[in-house]
Amino acid sequence: MAYYDKRERNAAETVRHAAAEHRYSLEGAVERPILIVLHQETSTPGRVGQMLEAHGVTLDIRRPVMGDPLPETLEAHGGAIVFGGPPSANDTDAHLVREIDWLKVPLAEERPFLGICLGAQMLAKHLGASVASHPNGCAEVGYYPIRATPEGRMLMPHWPDTVYQWHREGFDLPHGAKRLATGDWYPNQAFSYGKAAYGVQFHAELTLAMMHRWTTRGHERLKLPGAQGRRQHFDGRAIYDAPVRRWLEEFLARIFGARVEE
């Protein structure tokens, strides 16, 4: 612990170390398609999909809620990303139960995996952690601060200070996982597990068009305790989105890309 305590006192040194030791790129690094798991008929992979495709990565989009099967192995894929959606990881719908159980595939094969919001909660639940609402009923809907942990800073040189959230449930940290980022109301904002699995609570994949849709179709969420008003969402994007975009591209490269040798 002394090693991390020292670096926590000197964040600038940690960033320099991470930037020097962990340079990754998506360019030409992913030859097989990335499995994309969505939870609504009209959902898209947003900015994640845009960034991957910009680097020549093919997307294999599946919607289990529409009956799409998930592969028995990820040997034909460069990894998998499970996105968010309206359900709870505690719901008992058959396709959701099967999807949570399916997470044993990327974990057993140690294939690159990223869970976003519901996807992170599913991963936590699969690993035996609980998923539940805030004890005081607080929801994060809008822009909220997060803080990278020493482990998070060692993994990634740059983390945003404020991110976009759209959730009223969180998860406990699974046994054996490393917390990468924390927040005030929901302490587990990002974590890693094993060699290649990651989960994040927030929505770096959000595009401006998605924000318009979510705040329109999901306007009732804006009335939840702790939620921000619609205007705050758009004002926040103008202020906070640039660092989030930078972080997302680096994070995707860290998970699915290849290390760049000097």
Side-chain angles (χ1 to χ4, degrees), residues 37-40 43 46 64-65 81-103 113-149 152 159-193 197-206 210-211 213-233 236 240 244:
V37 181
L38 302 175
H39 296 104
Q40 295 186 93
S43 294
V65 68
I81 306 176
V82 176
F83 284 77
S88 165
N90 296 318
D91 290 347
T92 57
D93 302 70
H95 70 277
L96 291 173
V97 174
R98 287 194 299 269
E99 188 177 330
I100 292 173
D101 181 65
W102 175 84
L103 295 178
F113 174 85
L114 173 60
I116 299 174
C117 195
L118 174 60
Q121 295 169 5
M122 286 179 156
L123 177 60
K125 189 175 181 68
H126 178 86
L127 294 171
S130 64
V131 175
S133 300
H134 189 277
N136 296 327
C138 297
E140 289 183 323
V141 181
Y143 280 94
Y144 299 83
I146 63 168
R147 299 175 298 280
T149 64
W159 284 77
D161 295 324
T162 305
V163 295
Y164 193 73
Q165 306 272 15
W166 192 277
H167 68 100
R168 52 184 174 183
E169 288 186 320
F171 52 87
D172 289 341
L173 188 69
H175 179 72
K178 294 180 181 179
R179 183 184 288 115
L180 303 179
T182 187
D184 294 332
W185 290 351
Y186 290 86
N188 298 311
Q189 290 291 336
F191 71 96
S192 64
Y193 183 84
Y198 298 85
V200 297
Q201 180 62 76
F202 49 92
H203 290 280
E205 84 282 9
L206 197 82
M210 290 168 66
M211 181 176 285
R213 289 198 302 271
W214 288 16
T215 56
T216 299
R217 300 174 184 175
H219 63 90
E220 289 298 321
R221 292 286 185 100
L222 308 183
K223 301 176 183 178
L224 293 171
Q228 297 172 4
R230 192 169 192 260
R231 176 62 182 270
Q232 290 177 277
H233 292 230
Y240 303 119
V244 173

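Predicted model, so just to flag it, every value in this text is computed and none were measured. When reading the values below, keep in mind they use all heavy atoms of this one structure, side chains included, and skip hydrogens, waters and symmetry mates.
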Apply side chain to side chain contact (heavy atoms under 4.5 Å, CB included) to residues R179 and N188 and explain how you reach the verdict.
CA-CA 7 Å; R179 183 184 288 115; N188 298 311; 2.7 Å; yes
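- Put simply, CD on E99 and NE2 on H39 are 3.5 Å apart, with the number rounded to the nearest 0.5 Å.
- Closest heavy-atom contact between D91 and V97: O-CG2, 4.3 Å.
- A side-chain donor-acceptor contact under 3.5 Å links Q121 to the backbone of E169.
- To the nearest 0.5 angstrom, L222 atom CG is 14.5 Å from R231 atom CZ.
- Closest approach of A181 and T149 over heavy atoms only: N-CG2, 4.0 Å.
- In summary, of the residues considered (Y186, Y198, F171), a ring pair (Phe, Tyr, Trp, His ring centres under 6.0 Å) with F191 occurs for F171 alone.
- Between R221 and A227, the shortest heavy-atom distance links the atoms O-CB, 3.4 Å.
- For the pair W159 and A148, the tightest heavy-atom approach, listed with the atom from each and the gap, is CG-CB, 3.6 Å.
- Side chain of T162 to backbone of P145: no donor-acceptor contact under 3.5 angstrom is found.
- Annotation: side chain of R168 is not in contact with side chain of V141 (no heavy-atom distance under 4.5 Å).
- Between D172 and S130, the shortest heavy-atom contact is OD2-OG, 2.6 Å.
- Y240 and Y143 have tilted rings, their planes meeting at an angle from 30° to 60° on a 0 to 90° scale.
- Contact detail for P174 and L127: the closest heavy-atom pair is CB-CB, 3.7 Å.
- In this structure, Q189 and Q165 have side chains that are in contact, with non-hydrogen atoms separated by less than 4.5 Å.
- Using modelled atom types, no side-chain atom of W185 and backbone atom of H134 make a donor-acceptor pair closer than 3.5 Å.
- In terms of modelled atom types and a separation under 3.5 Å, the side chain of N90 and the main chain of V131 share a donor-acceptor contact.
- Side-chain contact between P64 and R98: absent, with no pair of heavy atoms (C-beta onward) separated by less than 4.5 Å.
- Rounding to the nearest 0.5 Å places CD of E205 at 4.5 Å from CD1 of I116.
- Of the inter-residue distances, the one linking M211 atom CE with T216 atom OG1 reads 11.0 Å to the nearest 0.5 angstrom.
- Under the 4.5 Å side-chain criterion, counting only non-hydrogen atoms from C-beta, H233 is in contact with Y164.
- For the pair V244 and F202, the minimum side-chain heavy-atom distance is 4.5 Å or more.
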task = Please test E140 against Q228 for side chain to side chain donor-acceptor pair (under 3.5 Å), starting from the C-alpha separation and ending with a verdict.
result = CA-CA 8 Å; E140 289 183 323; Q228 297 172 4; over 6 Å; no
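- Atom CG of L206 sits about 9.0 Å away from atom CH2 of W166, to the nearest 0.5 Å.
- If you take CG on L118 and CG on L38, they are separated by 11.0 Å, rounding to the nearest 0.5 Å.
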